[in-house]
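Source: prediction; values computed, not measured.
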Amino acid sequence: KRVVLDRVPFSGGQPRKGVEEGPSRLRKQGYKISDFGELQVPDIKRHNITNTTLVKNSLECGTVSEKLSQEIAKATQEGKLSLTIGGDHSIAVGSVFGHASVAKDLGLLWIDAHMDINTPATTTTGNIHGMPMSMLIKGIPEFQSLPGYEWCSPCLSPEDVAYIGLRDVEPQEREICEKLGIASYTIDDIDKDGIGVIIKKALKRINPNGDRPIHVSYDIDSLDPKETPSTGTPVRGGLTLDEGIYIAQIVAQSGCLSGIDIVEFNPAIGTEEDVIKTAKNTMELIKILLGKKSHLEKAPLPPVD
Ligand code: ARG
Ligand code: MN
Ligand code: MN
Ligand code: MN
């Protein structure tokens with residue numbers, strides 16, 4: 001399967017400058033993936049409140065996601081695997097919506113420390129990178145579309161979605177998630193049962209017969225800050241690098257992967273050493289998702305069951 005790459009140098013979904021440099025930094029560090037060009041993104045006047053709610057940069061975020069969704073839809077139509085490198089996590093509205101608009105039975109695996117399911121009514125920060133799931137999933141209480149997002153409407157059912165890696169969930173997000181019955185696997189669950197059991201459960205849930213296309217939205221803050229320090233909202237106690245790699249490996253081996261996001265690498269955060277390490281680990285996840293054999297396959301984890 002050929003890969004379509006979109007580099008999305010966009011940071012308007014959150015307040016910290018630098019996450020728009022993620023894609024170019026990977027390049028600068030010598031990592032090459034055949035390149036189908038960069039999405040043109042609007043210039044963000046930081047903290048610009050573009051509408052009547054608290055939400056920041058909604059027109060800009062919506063515009064970027066709309067363009068991205070069109071490119072991803074086209075790639076999916078052509079039977080290609082799409083890879084979207086961010087940029088902040090707001091762009092997943094575009095990639096997932098575009099993917100789901102063509103792949104009607106899409107399942108979504110959201111790997112993140114956060115749920116990113118706030119709504120314009122529940123957000124405490126106004127940052128759209130904390131909200132993409134609320135725009136993608138049907139049945140969100142009091143759903144309202146934001147300015148800039150008129151092109152998009154919820155496209156997934158709650159049972160099409162599973163979370164892995166959660167450890168910084170706001171009470172109102174938990175409430176939404178429980179109400180909808182979305183499968184959520186936290187770091188505690190992984191510590192208790194092991195990553196092998198958890199990834200199996202998550203995939204079983206969103207792809208019970210192994211015949212559905214899968215979108216993986218990989219927020220690098222799901223990993224422990226020791227592994228990916230250069231990210232805007234780090235949370236201690238995350239996935240180990242091996243756990244992160246293992247998830248990527250199992251998903252890649254499922255043969256069902258048809259869309260990938262990898263987001264929230266911010267090379268303006270941390271020391272040079274931090275940035276180099278984050279780029280390296282981010283790139284390793286990308287390569288394994290694209291089918292590279294991981295070191296775990298050479299020294300496999302013990303089988304589960
Ligand atoms: N829950 C917080 C918020 O709504 C943090 C979200 C962090 N999201 C991310 N994609 N890193 O703003
Ligand atoms: Mn996150
Ligand atoms: Mn652990
Ligand atoms: Mn996220």
Of all heavy-atom pairs between H129 and T233, which one has the smallest distance, and what is that distance?
CE1-CG2, 4.1 Å
Test side chain to side chain contact (heavy atoms under 4.5 Å, CB included) applied to T240 and E227, step by step:
CA-CA 7 Å; T240 66; E227 306 299 351; 5.6 Å; no
Any side-chain heavy-atom pair from V275 and R25 closer than 4.5 angstrom?
yes
Distance col, row S230:OG vs N266:CG, nearest 0.5 angstrom, shows 7.0 Å
Qualifying salt bridge (Lys or Arg N to Asp or Glu O under 4.0 Å) pairs with a residue from residues 207-224, counting only residues at least two apart or across chains
D160-R212, D224-K226
Do Q70 and E66 have side-chain heavy atoms sitting under 4.5 Å apart?
yes
Hey, mind stepping through D261 and S217 against side-chain hydrogen bond (donor to acceptor under 3.5 Å, both in side chains) and telling me if it holds?
CA-CA 5 Å; D261 315 315; S217 204; 2.6 Å; yes
Angle between ring planes, H89 versus W110, binned at 30° and 60°: parallel, tilted or perpendicular?
parallel
For L285 and I262, the nearest pair of non-hydrogen atoms, with its separation, is CB-CD1, 4.0 Å
Can you tell me if T231 and E264 form a side-chain donor-acceptor pair at under 3.5 Å?
no
Closest approach of L223 and L241, non-hydrogen atoms and distance?
CD1-CD1, 4.0 Å
Does any part of the side chain of F265, heavy atoms only, come nearer than 4.5 Å to the side chain of L26, both counted from C-beta?
yes
Give a yes-or-no answer on whether the side chains of T119 and E142 include a donor-acceptor pair shorter than 3.5 Å.
no
Assess, by modelled atom type and distance only, whether the side chains of D112 and H114 contain a donor and an acceptor separated by less than 3.5 Å.
yes
Does the side chain of Q172 come under 3.5 Å of the side chain of T122 through a donor N or O and an acceptor N or O?
no
